[in-house]
Student: 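If you scroll down you'll find the structure; I have some questions about it.
Numbering of residues begins at 1 and proceeds along the displayed sequence.
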Amino acid sequence: MSKRERARKSSAERTRLRRRKKQNKSSMVCITLIVLMLVGVMSVQIVSVYGRNQTYQAQEAELEAQLESEKARKEEIKEYEKYINTKEYIEQVAKTKLGLVYPNEVIFKENEASQKE
C-alpha cells in the first residue's frame, strides 16, 4: 500500500470515528432526556400518592374518632336500657306521665290561687 492509500484509509477511519462519536453523543442525549422525563413523571406520581395518603390518614383518624364516639354511645344506651328495665324507672314514668300513685300514698297539690300570686 502506498502512503496515499494509507492516508485515505486513516482519513476514512477518522471520519467514521467522528460519526460514531456524534451518534454516541446524540444517543446519550436522547437517553438522558428519556431518563429525565421518567424521573419527572415518577416525581409527579410520588407527590400525588403522598397527597392521597395524607387525605386517607386524615379520614382514618376521623373515622377512628367516630368509632370511639359510637362505642361510648353504645355503652350509654346499654346503661339506659338497664335503667329502663328497673322498677324505679317504671314507677317514675307511671307517676309523671300517667299520674298513677300507690293506694296509701298522699299527694299534695298547690292551689291555683297561690301560684298566681
Student: Please collect all side chain to side chain donor-acceptor pair (under 3.5 Å) contacts where either partner lies in residues 96-108, sequence neighbours excluded, each pair once.
Tutor: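 Found Glu91-Tyr102, Lys95-Glu105.
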
Student: State, yes or no, whether a side-chain contact exists between Thr86 and Lys82 at a heavy-atom distance under 4.5 Å.
Tutor: no

Student: Looking only at heavy atoms, which two atoms of Ile90 and Ile84 are closest? And how far apart?
Tutor: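 Closest pair (atom of Ile90, atom of Ile84, distance): CG1-O, 4.2 Å.
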
Student: Does a donor on one side chain sit under 3.5 Å from an acceptor on the other, for Glu76 and Tyr80?
Tutor: no

Student: Quick one: which residue pairs count as a salt bridge (charged side-chain N to carboxylate O under 4.0 Å, His left out) with a foot in residues 60-70, not counting sequence neighbours?
Tutor: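 As it turns out, the salt bridge (charged side-chain N to carboxylate O under 4.0 Å, His left out) pairs with a partner in residues 60-70, which skip direct neighbours, are Glu70-Arg73.
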
Student: Going from CD1 on Ile31 to CG on Asn24, what distance comes out if it is rounded to the nearest 0.5 angstrom?
Tutor: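 The CG atom of Asn24 is 9.5 Å from CD1 of Ile31, to the nearest 0.5 Å.
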
Student: Has Ser48 got a side-chain atom pairing as donor or acceptor with Val44's backbone, closer than 3.5 angstrom?
Tutor: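 No: the side chain of Ser48 does not pair with the backbone of Val44.
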
Student: Which one of Leu36, Val35, Ile34 satisfies the side-chain contact (heavy atoms from CB on, under 4.5 Å) criterion with Thr32?
Tutor: Leu36

Student: In chain order, what residues pass the side-chain contact (heavy atoms from CB on, under 4.5 Å) check against Gln59, with sequence neighbours excluded?
Tutor: Tyr56, Leu63

Student: Using a cut-off of 6.0 Å, state whether more than 12 heavy atoms not belonging to Gln54 lie near its atom CD.
Tutor: yes

